[in-house]
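Worksheet for the structure shown next.
Just so you know, ligand 1 is whichever comes first in the structure, and atom 1 is the first atom listed for that ligand.
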Amino acid sequence: MSRKALIAANWKMFKTPAEAKAFVDAFLPLVAGHSRDEIALFPSPVLLPTVIEAAKGSNVVIGAQNIHFAPEGAFTGETSIGQLKAVGGTHTLIGHSERRQYFAETDEIVNKKLHAALENGIVPVVCVGEVLADREAGKTGDVLKKQIDGALVGITAEIAAPIVIAYEPVWAIGTGKTATPEMAVEAHKIIRAEVAKLLGPAVAAAVRILYGGSVKPANAKELIGQEEIDGALVGGASLKADSFAAIVKY
Ligand code: 13P
């Protein structure tokens with residue numbers, strides 16, 4: 001089965017509205033007509049209206065880096081799915097390792113967010129990945145399976161189609177260290193097998209699994225070009241229009 005790749009930019013806590021608008025204005029002409037892959041930008045919530053307006057009518061979709069699972073309420077500092085949808089956002093990251101590491105997001109919270117996204121028609125990109133100590137202890141497979149199991153509690157094959165998974169080895173994020181294509185493929189196979197165990201072979205064959213962790217123009221092809229790797233989630237190298245466009249057009 002051929003899966004359409006998704007190449008996504010996670011801007012993390014970077015850019016002002018003016019900088020975000022300048023990026024989109026420079027980026028869109030560079031990827032105009034590019035239909036081989038889906039392209040997504042994940043800016044900070046305060047940038048969403050600017051970026052969505054600037055990208056309107058283009059081949060680039062926009063999502064949030066995080067959402068709350070509740071429809072609304074007294075949750076200072078959070079963004080609801082309704083708010084995301086009201087400004088035109090269509091996607092969201094869930095459970096990025098920085099959310100897990102610095103904001104105490106657990107597999108249980110990830111699961112609640114995944115349910116909320118699916119119930120509300122938002123495409124979820126669920127992030128999983130091992131830390132260096134896990135890898136060195138030979139526990140990568142166990143960690144990935146546990147994160148996938150936790151994320152997918154109560155999810156059935158009938159509602160699973162929109163789910164995207166991003167494999168982001170934590171030791172490769174922002175470090176310049178990249179998983180080798182062999183390491184990434186091995187991890188993706190573990191994730192796909194776990195999805196097959198929980199949701200069946202059809203869902204597993206269709207689910208897109210992205211690689212993230214120091215993806216840049218120079219290594220994009222060797223990673224995304226792998227049959228098992230269905231796109232990329234890019235941090236640092238997505239902040240400049242020419243660099244991210246080069247990754248999209250790997
Ligand atoms: P870098 O590409 O900067 O390593 O970040 C990866 C990442 O965390 C994307 O979500």
Considering only heavy atoms from C-beta outward, does the side chain of [X] approach that of [Y] to under 4.5 Å?
X: Phe244; Y: Ile7; result: yes
X: Asn66; Y: Phe103; result: no
X: Lys21; Y: Lys15; result: no

Query raised in the report: Ala172 heavy atoms, cut-off 4.0 Å: which ligand 1 atoms fall inside?
Result: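 Near Ala172, the atoms of ligand 1 are 4 (O).
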
Query raised in the report: Hey, which atoms in ligand 1 end up nearer than 4.0 Å to a heavy atom of Glu168?
Result: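 Counting from 1, the qualifying ligand atoms are 6 (C), 7 (C), 8 (O), 9 (C), 10 (O).
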
Work out whether the distance between some heavy atom of [X] and some atom of ligand 1 is less than 4.0 Å.
X: Ser214; answer: yes
X: Gly213; answer: yes
X: Lys216; answer: no

Query raised in the report: Polar-atom distance check: Thr175 versus ligand 1, any N or O pair below 3.5 Å?
Result: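 N/O-N/O distance under 3.5 Å: no.
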
Requested in this report: Determine the minimum heavy-atom distance between Pro124 and Ala117, stating which atoms define it.
Outcome: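 That closest heavy-atom pairing would be CB-CB, 4.1 Å.
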
Query raised in the report: With backbone taken as N, CA, C and O and side chain as the heavy atoms from C-beta onward, which portion of Ser97 lies under 4.0 Å from ligand 1: side chain, backbone, both, or neither?
Result: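 Neither part.
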
**Report entry** Residue portion contacting ligand 1 (non-hydrogen atoms closer than 4.0 Å) for Leu233
**Finding:**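 Under 4.0 Å from ligand 1, Leu233 contributes backbone and side-chain atoms.
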
Report task. Ignoring hydrogens and angles, state whether a donor on the side chain of Glu168 or His96 is under 3.5 Å from an acceptor on the partner side chain. Result ->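 Yes.
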
Report task. May I have all residue pairs that pass salt bridge (charged side-chain N to carboxylate O under 4.0 Å, His left out) and include part of residues 192-219, sequence neighbours excluded? Result ->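 Sorted result for residues 192-219: Glu38-Arg208, Arg192-Glu228, Arg192-Asp230, Glu194-Lys197.
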
Query raised in the report: Out of Ser238, Gly235, Gly174, whose heavy atom sits nearest atom 4 (O) of ligand 1?
Result: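 Closest candidate by heavy-atom distance is Gly174.
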
Query raised in the report: If you group Ile, Leu, Val, Met, Phe, Trp and Tyr by side-chain heavy-atom gaps below 4.5 Å, do Val123 and Ile62 land in one group?
Result: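 No, separate clusters.
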
Query - ILVMFWY cluster, Val126 and Leu84 together (side-chain gap under 4.5 Å) - result: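 Looking at the clustering, Leu84 is in the same group as Val126.
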
**Report entry** Protein contact of atom 3 (O) of ligand 1 - nearest heavy atom, named by residue and atom, plus distance
**Finding:**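 Among all protein heavy atoms, the one nearest atom 3 (O) of ligand 1 is Gly236 N, 2.8 Å.
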
**Report entry** Heavy-atom nearest neighbour in the protein, as seen from atom 5 (O) of ligand 1, with distance rounded to 0.1 Å
**Finding:**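 The answer is Lys12 NZ, 3.3 Å.
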
